[in-house]
Amino acid sequence: MEEFNTFEKVQALFASVNGLGNQNFFFVACQDKQKVAGAAAGMDYPYDGLLINMTERGLGIFYLKAGALSGLVTLSSPSKMTIDKGSFFFIPVENIKGITIKKFALLNSKVKRISIDTTDGKSHKLYARVEEKDFPYHSGGFNAFVARYGNN
């Protein structure tokens, strides 16, 4: 977590891989283990969470990995994860087939379920809390993401 717990550190991470745009909205999300399961899912989606930068060009993404035991918890916390600096990938806007954002549970508006579907057939099933106290940049970045894609 120490590698991505401030705006400045996250900005430097994305700058190091040419992953910044004119507008940058950073946030963290965890893999929705209820929606993604099995050995094939582990190969296609080898992460426990994602550090995302939404730009005008698309989504820049780093994998986050949980410790051995924290990945077993239904709702993991990104604060217990480490970043895989070699995992950066970018999904251009034209390769985003659709993004849906819904409440995680009927009576819980503090957690959102996210599905990012790409034109190559992948579907990233995630969830994110509206507030992440350990990541001061998260709330602004996630709210911008929800404002852009929340009505799809």
Side-chain angles (χ1 to χ4, degrees), residues 1-93 95-96 99-101 104 110-150:
M1 174 186 98
E2 295 297 319
E3 300 164 301
F4 60 100
N5 64 342
T6 68
F7 179 84
E8 293 77 15
K9 289 177 184 177
V10 170
Q11 189 172 30
L13 276 168
F14 282 98
S16 73
V17 293
N18 197 23
L20 293 177
N22 293 326
Q23 295 180 323
N24 299 284
F25 299 98
F26 307 113
F27 65 97
V28 292
C30 297
Q31 186 180 66
D32 189 345
K33 304 260 187 222
Q34 295 175 345
K35 297 289 182 182
V36 179
M43 291 185 300
D44 284 341
Y45 307 101
Y47 56 80
D48 297 299
L50 299 175
L51 174 61
I52 300 172
N53 180 20
M54 179 184 73
T55 72
E56 68 283 355
R57 299 181 296 119
L59 303 175
I61 299 172
F62 280 102
Y63 290 167
L64 300 176
K65 299 295 247 169
L69 297 178
S70 61
L72 299 175
V73 179
T74 303
L75 289 179
S76 299
S77 172
S79 64
K80 297 186 181 349
M81 296 184 190
T82 58
I83 191 163
D84 178 353
K85 291 182 183 177
S87 67
F88 179 79
F89 67 101
F90 188 78
I91 305 172
V93 170
N95 291 0
I96 298 173
I99 295 177
T100 54
I101 303 169
F104 190 79
K110 294 182 180 190
V111 180
K112 303 287 185 186
R113 184 167 264 147
I114 305 161
S115 180
I116 301 172
D117 300 320
T118 59
T119 56
D120 65 358
K122 287 202 172 200
S123 183
H124 299 275
K125 304 293 186 189
L126 310 164
Y127 68 87
R129 292 176 184 83
V130 174
E131 297 286 329
E132 282 286 354
K133 64 180 172 61
D134 294 323
F135 304 100
Y137 56 83
H138 171 83
S139 181
F142 187 61
N143 285 331
F145 180 76
V146 170
R148 181 165 181 188
Y149 294 109

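Start at 1 with the first residue, then count along the sequence. Below, all heavy atoms of this structure are taken into account, side chains as well, without hydrogens, waters or symmetry copies. Quantities reported herein were computed from a predicted structural model and do not represent experimental measurements.
Remark: the S123 side chain and the D117 side chain contain an N/O donor-acceptor pair separated by less than 3.5 Å.
Between M54 and R148, the closest heavy-atom pair is SD-CD, 3.9 Å. Contact between P46 and K65 at its shortest, heavy atoms only, is O-NZ, 2.9 Å. The shortest heavy-atom contact between R129 and F142 is O-CD2, 3.9 Å. Counting all heavy atoms, side chain and backbone alike, V93 lies closest to G58 at CG2-N, 3.5 Å. Across A66 and D48, no two heavy atoms sit closer than the pair N-OD2, 2.7 Å. Here the shortest heavy-atom pairing between F62 and V17 reads CZ-CG2, 3.8 Å.
The main-chain N or O of F25 is found under 3.5 Å from a side-chain atom of N53 such that the two form a donor-acceptor pair. R57 contributes a side-chain N or O that, together with a main-chain N or O of L20, makes up a donor-acceptor pair within less than 3.5 Å. Not one N or O on the side chain of E131 forms a donor-acceptor pair closer than 3.5 Å with the backbone of K110. In this structure, the side chain of N24 engages the main chain of G21 through a donor-acceptor pair within 3.5 Å.
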side-chain contact (heavy atoms from CB on, under 4.5 Å) between F145 and I52, worked out
CA-CA 10 Å; F145 180 76; I52 300 172; 5.6 Å; no
side-chain contact (heavy atoms from CB on, under 4.5 Å) between S79 and K133, intermediate numbers included:
CA-CA 9 Å; S79 64; K133 64 180 172 61; over 6 Å; no
Go through the steps to decide whether F88 and L13 satisfy the test side-chain contact (heavy atoms from CB on, under 4.5 Å), and finish with yes or no.
CA-CA 10 Å; F88 179 79; L13 276 168; over 6 Å; no
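Taking the six-membered ring where tryptophan is involved, the planes of Y45 and Y47 are perpendicular, since the angle between them exceeds 60° and thus also 30°. Between Y137 and F26, the ring planes lie perpendicular to each other; the angle is over 60°, past the 30° to 60° tilted range. Note: F4 and F135 have parallel aromatic rings, judged against thresholds of 30 and 60 degrees for the angle between ring planes.
With H138 as reference, V28 is the one residue of V28, V130, V10 to meet the side chain to side chain contact (heavy atoms under 4.5 Å, CB included) rule.
We find the OG1-CD distance between T55 and Q23 to be 9.0 Å, quoted to the nearest 0.5 Å. With rounding to the nearest 0.5 angstrom, the CD atom of Q11 is 11.5 Å from the OG atom of S16. L126 contributes atom CG, which lies 11.0 Å from atom CZ of F104 (distance to the nearest 0.5 angstrom). For the atom pair N5 CG and D134 CG, the distance stands at 8.0 Å (nearest 0.5 Å). Here the CG-CD1 distance, from L59 to I61, works out to 5.0 Å after rounding to the nearest 0.5 Å. Note that CD1 of I91 is 9.0 Å distant from NZ of K122, once rounded to the nearest 0.5 Å.
For K85, the NZ atom is loosely surrounded, since the number of other residues' heavy atoms within 6.0 Å does not exceed 12.
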